[in-house]
Amino acid sequence: MTDVVATNETILVVGGGISGMTAALEAAETGKQVVLLEKNPALGGRTAQLYRYFPKMCHPICGLEINLRRLKANPRVLVLTQAEVTGISGSAGDYTATVKLAPRYVNENCTACGACAEAVKTEVDNPFNYNLGKMKAAYIPSAMAYPQRYVLHPSIIGTPDAEAAKAACKYGAIDLEQKEESVEIKAGAVVWATGWQPYDAAKIQPYGYGRYKNVITSVEFERLADPHGPTGGKILRPSDGKEAKNVAFIQCAGSRDENHLRHCSRFCCMASLKQTHYVRENSPEDGKSTIYYIDIRAIDRFEDFYQKVRDDASVSFIKSKVARISEDDNGNPVCWGVNTEGYKRYSNAHDLVVLAVGMEPSVKGVAIPASIVADSSGFIEADPANGAIFGAGCATNALDVNRAVQSATAAALRAIQVVNKVARAEV
Amino acid sequence: MAEEKKFAAYICKGCGLGDRLDVDALAGVAQKEGKMQVVRQHDFLCNADGVAMIKNDIANEGVTHIMIAACSRRAKTEAFFFPNNAVARTNLREGVIWIRPDTEEARETTQDMAEDYVRMGCAEVKAMTAPAGNANTGSNRTLLVVGGGLTGMTAALEASKTGYPVVLVEKSGQLGGWAAKLWKRIPAHEPFKAPADTGIADMAAQIAADPNIKVYLNSTIAKTDGAPGRFVVQIATESGAVSTEDIGSIIQATGFDLYDANRLPHLGYGKSPNVVDQAGLEALAKAANGGPILRPSDGKPVTSVAFVQCAGQRDTSGEHLPYCSGYCCNASIKQAMYFKDSNPAIDTTVIYTDLRTPGNGEDFYRSAQEKGVIFTKGKVGSVAPGGNNCVVNFHDLILDDQNAQIEADLVVLATGQVPNSGINIDMSAEEKAEEAAAEAAAAEATASGAQPLQFSKKVSVLNLTYRQGADIPQFKWGFTDSHFICFPYETRRTGIYTAGPVRRPMDMVQAREDATGAALKAIQALENAQLGRAAHPRSGDLSFPKVRLEGCTQCKRCTVECPFGAIDEDERRFPLFNESRCRRCGTCMGACPVRVISFENYSVDTVGSQIKAVDIPDEFSEKPRILILACENDAYPALDMAAMKRNEYSAFVRVIPVRCLGSVNTIWITDALNAGYDGVMLMGCKHGEDYQCHFVKGSELGRYRLSKVGDTLKNMNLETERVKDLEVAITDIDNLPRIINEYAQQIVDMGMSPFKGF
Amino acid sequence: MAKRQYAFYPGCSSQKGASASNYLTSVESMCKTLDIQLTEIPDWNCCGASISYAEAGELPRHVMNARNFALSEANLPGQDIVATCAACWLGAKESKERIEHSSQLMADTQEALKEAGLSIKVMPEIRHMAEVLVEDFGFEELGRHVKNPLQGLKFAGYVGCQTNRPFGIAGENFENPMYLDKIIETMGGEAVPYDQKVTCCGGALAFSEPDKAQAQIKDIIEAAYDGGAEMIVTPCPLCQANVEIYQGHINKKYGTKFNIPVLYYSQLMTIAYGGSAKEAGLDGQVIRAPKLEALAK
Amino acid sequence: MSANQEMAVRYKNNFLKEVEQQVEMGEWVKMCMQCGVCSGSCPTNFHPGWEHPPQEIFMMIRAGKREEVLSSPSMWMCTSCYNCIVRCPRKLPITHIMHGLAEYAYELGLAPKVQPTKNLSKLFWENATKTGRINELTFSLGMYFKDAEGKINIGQGIKKGLEMQKVALGLLKAKRLNLFEIFGGHKCKDQKGIHAMLAKAYALESKRKGRHVG
């Protein structure tokens, strides 16, 4: 049974992506006790799956390394992975959260030596790579995974593979008897930082995602460009493994669209501008990018990043929402539409089309087990009715990393205000 | 504290270490060469039993210094958590067996490598002490907020709500700043359809009623002295009075000015009263007080209005603002609604190139369209002022009409935000000259009675007494934003945070978030200051640079190079370290030519003794030795992850993690070369415009110092290639092993260093 | 399964001797098997189709449809109106939505209907026959009646526009609807991959802008051949006619050799249900479908 | 004063307002954000003669280009395929707006003189409302015997008829064209009711839109 020591001076942070980690660390570094919950087996969230950040083109796992080091050095944060909140009762200053813990089948004896993975034969989709490629069913979610412990995929439990993993482990780290459990955690305040999910591109029917292999999403493209990804950082298109040199980026794939997401997801324009660099990095001689857009939203100081991409001869800009995509005989996706600046019709074949999919709050369609005020897109609003449950990061708005971290820092203070009040009352 | 020191080495045999290495031989090295008093082996050191063994030694055997030879210092940190002891981690797993082939031929060199690492671990731990932290730093818990606009007011209220006293200083005679000049604001809540009340009056009332917040109006900061937890701030009031406040930490929320529309004569500003900027329109709307907005030229109600977006912004000519201010599209939409809400018959057009309404601003945009605001994608060339109306000439980009025109009673220019960030302390000589020229030109123009060009000489906001300058260093275009994406509050002055549009162009929603976040960081800074703990990125670090003043030559390199302005000079011109400003990067230590600066657990000695501990085989062994000094934030994790992938690299290298390339003292390199190392690789983060160094200037300064190593090499008659400076990113998991191997081959080809055996 | 009853709105083209009379023949046969009772709305009138916009304006068009609603409810109360023609279904459904949406429009409609002695009291549901098959029966039920599976026959399921957009069949995809393919497969035939499934045939512009329409029709037929289809199947009378009857013109203009039969789903179903070629209206094909005729019992 | 002049005066220079009030679904025009998805989705997009796509027309309306819009052949190219409607991210009922613009242009007499679809539309409606149901034979004949300007042209009719002869023969053979339709064919019983109903509908609509009853 997992033992969690928490009181109503504890801050419960739900979500272990960059926002949740930030909220947890900022609160802990201000001297507060924190319980940090993550649904997946490792912390890091979606930013850990990005290759580079705009506008610096630096690597997200560099910041993750720092945050993990802060975490390792700070005994005030208790991390629970594979944890989901199923209920929250009580009120500001006195909450009890019911948390479901899924079994990892690997205990803290694990040294991450990898012997279990060698022993296991079953392969499963690799969610870290958005299922582009497979991994062993005994796996470490990524090279940066924290906790640095292996996981057994539930599909092999009860199969000889699980036994093989157990037999291969010299350290008694495989525990096939682990069961799902439910724990209650006290908290004075809750920071809800469950982040976002990419909009389901298959719903944008005219673009044929799911029908055409060479139509992929922007988050998948990150994995293709990443040296840690399924292609070792080479941009190879899914249909035939050919190098994709002529890449189209379609903006507002789902965003600004009343058939899909009515809001603008803010980060997609910058993400595509950034991804044109990947194309150039992969094919310095003959890489070519085309951005189809309605408005380029390179907001505030990111404008210069846009101007630099704009000045790059290998990148073209077409003011147009692509009407539809078809596939030619060579498996090339063909974008059809009209450049609205002066009405020019086009049907352009590309090696690969990347849909800049919108940002949907993870909370959308998922009942937060407490009464929360959200806007029409499902983002948590700042509202007194939420008591001491504070949204942070992309659970509150379509934000880029920078703004998500700011939001999480602010949420940490709001949570501290509540637990400080509890502490003052208890003195 | 003259505590008895007892050294213990623990060598793990798990994860294949026992199979791949001769652990008994390693234990022998630890005991004989490493002079460890306790040496233990364990089959599985990180499990409960292994950890209990170490804890027992601490409790019952008096062990104070621990050398753990097992996996990387990045792994198993919960198990090997001994905060009260000096701990060195020797990396035999990721550092040795995972990067070496498991073959008979490789066995000897792999064992050599492991033994050297044990030697190094022992040497390191012997040179370390567990940092105790300095409790004698300040403990003031009051926040100073500079600027009484929305951002400053928010920061003050939030800090007060958290339980901290606040001093709020506002330059003007009332609180509210830019927001107080607005008729309405952009909505912050569902349904995002109509302009909303600013709420500023309410905030001002809350501040007035808060006994925890002390407000100074008509006041500026005359002087800021001290460090987090013990700032002493002089506040000058217009009346001439000067007050002194003791302050724990500071939030600078000095906001922005609108870009001067006088610089946009081609858009008719200054030529017709009917061309206004966004502030001008807010003033008209306020005056109208809900009634029809009147045309300045003749006081008649406006019947048509055109908004020109990006006026003097997103400029590529170099004449105006190169950036987008981010909020103006929504602001113009809001202002367009002032007209449509009062009278739907008013022709209202917004001319834009890219409409930028992120998030639910899209709803606000749609709402404006529903209300009949016309949006036209076009580039405005000029505004021709007439008597009572103006003609906006633009290129209609959709209809591809170069000569499109709109006639309007009123034209509103959406000029952008210019930060009030004080003096640019990093200004180059050229920039200073440019500024002086502009000042002279303005003075001349004014004297000759021509159209006065706006020129206001920048004055300091904070008047810091810091040796490195009176204000916060700026990032781009005067904004004081952090350069870090993951860490938006990282300014280069510990305990001083900026928030709101001074930091980055932003709207009110974001300014509020920013202010709240900055309040947390300021509170955190003062809390940690009084505990002697470091701020980000080595948060919680209790180590602190100690300086042996008697050896100091007053060369001032440390005071100049400290990326965080932590070091001043005392009246005797010796460096004066302000502990709570320090981020523990060690740049000062790297800079010091006489090596008088050190940390308890990281010093010239902790690294130097490791370098010296390595066994250097003789010239004829065909076993060169290459020293790698790797930044612990990026290069070292990259090497670790390469090992997790089992990427192999040369057994000739010996890696020592360093806090930052900036902390690398050139003595380490000369020592290494003198000791007979055949090559030295330095692995640091990217520097330059998009630098990635977590200590801002560390890697740049480190590289600058290393560029001078060439002379040393020349003097020693060594090839310059024997020292290699590498820019490494954390993702270089495949590149790095390749580069190491290529370098090792290059060294082999070059031949062994002649300095061996001296 | 109990007899299902619907108010039937055949539309002008499905009348005897009209261009889709074979559609009607096959629908009647199919309904017999499925035990569907279609009762024609007495004295129904033309829906106006989408093309009548220039002269019709808004209200007159809606009023025409409203008259059918009123007649249906008065004579066949409680029954859903079922149309077989895509344009009839769309036109009626559109009018229903608009009238329901606007009280002004409802009032005007009632006022005009009064002139014909009618009024709307209850607004009936408007369904397309394909919708009825998919939703009220389901593929499993439709499959149970198959006696003569269309084994080995390859069809391109050409959905076209108006059963698909803007309303479509519930749960379907505008760009790649599957219901027609599923009907083909349920009847034992093979639905070939077909990337012009929802391409417009030109609609009424086949009359007024024959060149433009025929260029589109050419793409539609070409893709069917590319997919290996032997026949094209459609749920829409205008699609059927346009794709079938202009093949000669297209061949002349483009040098193609098109000669592909274009059938209704109901014709396939009739054959698969064991009906004769005549019961399926196969004699009504301008381009005969010998393979299907051969299979018919 | 012609209907056109009257409207031009009534709405002064505000063509957008005119469209909002006079054109079916015209109130949606202002909601367009110029993404161009409609233009790219139109099946006639790649054919010549498609002068202005919908999104451009919407911009022209906002820019007050009244004559250009109303006399454009573009709206008449609509095949009613509804691709634009289902893809529009702003949910504009574009098909209906195009129809509405065509109707309004026709009403004002600004529609192009040579416009076959205009004639087709008119003929279809007349044919349908005469007896309550379409008479396919008279409709087709009507179509072929009118020239591009909508005037009866026997010579052209015979030529086109010849062109269509094969098609007609095929249909006849398949019993899908009935020459006896010429004598009346299918029709509604209550034609009087239908005519009265439609007359009322026209009157109401004209009143609502402030147009003269034609």
Side-chain angles (χ1 to χ4, degrees), chain C residues 12-13 15-22 43-46 48-60 62-64 67 104 108-109 111-118 161-162 164-166 174 199-200 202-205 207-209 211-213 215-216 245-246 248-249 283-286, chain D residues 24 43-44 47 49 77 79-83 85-87 95 99-100 102-103 106-107 111 116-122 124-126 128-129 132-134 136 140 143 163 166-167 170-171 173-178 180-181 185-186 188-190 193-194 196-202 204-205 208:
Chain C
C12 303
S13 64
Q15 302 172 93
K16 190 158 184 276
S19 57
S21 51
N22 51 340
D43 206 39
W44 58 266
N45 55 258
C46 173
S50 4
I51 189 60
S52 66
Y53 54 80
E55 185 81 22
E58 285 184 75
L59 186 60
H62 299 316
V63 163
M64 285 289 272
R67 180 175 175 273
Q104 167 81 59
D108 287 356
T109 303
E111 203 179 332
L113 280 178
K114 218 186 318 170
E115 298 291 317
L118 294 167
C161 301
Q162 295 194 345
N164 187 39
R165 291 182 299 259
F174 294 136
T199 301
C200 178
L205 264 66
F207 292 97
S208 54
E209 300 273 0
D211 290 346
K212 292 184 177 70
Q216 288 168 214
I245 66 181
Y246 298 114
H249 286 207
D283 54 350
Q285 299 310 111
V286 172
Chain D
E24 179 172 358
T44 50
H47 296 305
M77 299 289 164
T79 66
S80 309
C81 77
Y82 291 83
N83 260 321
I85 285 197
V86 300
R87 289 180 188 158
T95 311
H99 293 175
E103 185 269 346
Y106 175 66
E107 164 83 16
T117 307
K118 180 184 75 179
N119 304 339
L120 172 74
S121 174
K122 180 174 155 65
F124 187 93
W125 182 251
E126 282 170 358
T129 52
R133 295 187 192 172
I134 281 288
E136 287 182 345
S140 310
M143 196 59 211
E163 265 179 39
K166 265 199 181 150
V167 169
L171 286 170
K173 236 170 90 185
K175 300 201 180 60
R176 282 159 61 190
L177 188 62
N178 182 356
F180 291 98
E181 288 262 318
H186 299 289
C188 286
K189 286 183 206 125
D190 186 22
I194 290 172
M197 173 185 88
L198 287 173
K200 187 74 190 177
Y202 275 115
L204 285 170
E205 181 148 295
R208 195 152 40 82

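Lettering follows sequence order; numbering is per chain, from 1.
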[X] versus [Y], closest heavy-atom pair with distance:
X: D/P116; Y: C/E209; result: CG-OE2, 4.0 Å
X: D/T79; Y: C/C200; result: OG1-SG, 3.1 Å
X: D/W125; Y: C/G48; result: CZ3-CA, 4.0 Å
X: C/P166; Y: D/I85; result: CB-CG2, 4.0 Å
X: D/S121; Y: C/A54; result: OG-N, 3.0 Å
X: D/Y202; Y: C/A56; result: OH-CA, 3.7 Å

Say whether, by atom type as modelled, one donor and one acceptor occur between the side chain of [X] and the main chain of [Y] under 3.5 angstrom.
X: C/D43; Y: D/D190; result: yes
X: D/H186; Y: C/S13; result: no
X: D/E205; Y: C/G57; result: no
X: C/Q162; Y: D/S80; result: yes

Starting at [atom1] of [X], measure out to [atom2] of [Y] and round the result to the nearest 0.5 Å.
X: C/L59; Y: D/L204; atom1: CG; atom2: CG; value: 6.0 Å
X: D/Y106; Y: C/E55; atom1: OH; atom2: CD; value: 4.0 Å
X: D/L120; Y: C/I51; atom1: CG; atom2: CD1; value: 4.5 Å
X: C/S208; Y: D/F124; atom1: OG; atom2: CZ; value: 12.0 Å
X: D/K175; Y: C/D283; atom1: NZ; atom2: CG; value: 6.0 Å
X: C/S52; Y: D/E103; atom1: OG; atom2: CD; value: 10.5 Å

Report the option among [options] that has the most heavy-atom pairs separated by less than 4.5 Å from atoms of chain D.
options: C/C12, C/S19, C/C161, C/S21; value: C/S19
options: C/G202, C/A18, C/A116; value: C/A18
options: C/K114, C/H62, C/H249; value: C/H249
options: C/N22, C/T109, C/L113; value: C/N22

Under 4.5 Å, counting heavy-atom pairs only, tell me which of [options] racks up the most with chain C.
options: D/R133, D/K173, D/E136, D/R208; answer: D/R133
options: D/G193, D/A199, D/A128; answer: D/G193
options: D/G100, D/A102, D/C81, D/S140; answer: D/C81
options: D/T95, D/N178, D/I194; answer: D/I194

Atom group of [X] that falls short of 4.5 Å from chain C, counting heavy atoms:
X: D/K166; result: neither
X: D/E24; result: both
X: D/I134; result: both

**Prompt:** Taking only residues two or more places apart in sequence or in another chain, which ones pass side-chain contact (heavy atoms from CB on, under 4.5 Å) with C/A112?
**Reply:** C/V63, D/M197, D/K200, D/A201
**Heavy-atom side-chain proximity of D/T117 to C/Y53 below 4.5 angstrom** =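 They are in side-chain contact.
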**Prompt:** Looking at side-chain heavy atoms only, is the closest gap between C/E115 and D/L198 below 4.5 Å?
**Reply:** no
**Request:** Please lay out, stage by stage, how D/H99 and C/S50 fare under the test side-chain contact (heavy atoms from CB on, under 4.5 Å).
**Result:** CA-CA 9 Å; D/H99 293 175; C/S50 4; 4.1 Å; yes
**Message:** Heavy-atom cut-off 4.5 Å, strictly under: side chain, backbone, both or neither for C/F207 against chain D?
**Reply:** both
**Message:** Given heavy-atom pairs under 4.5 angstrom as the criterion, report whether the side chain, backbone, both or neither of C/K16 touches chain D.
**Reply:**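 Contact with chain D is through both the backbone and side chain of C/K16.
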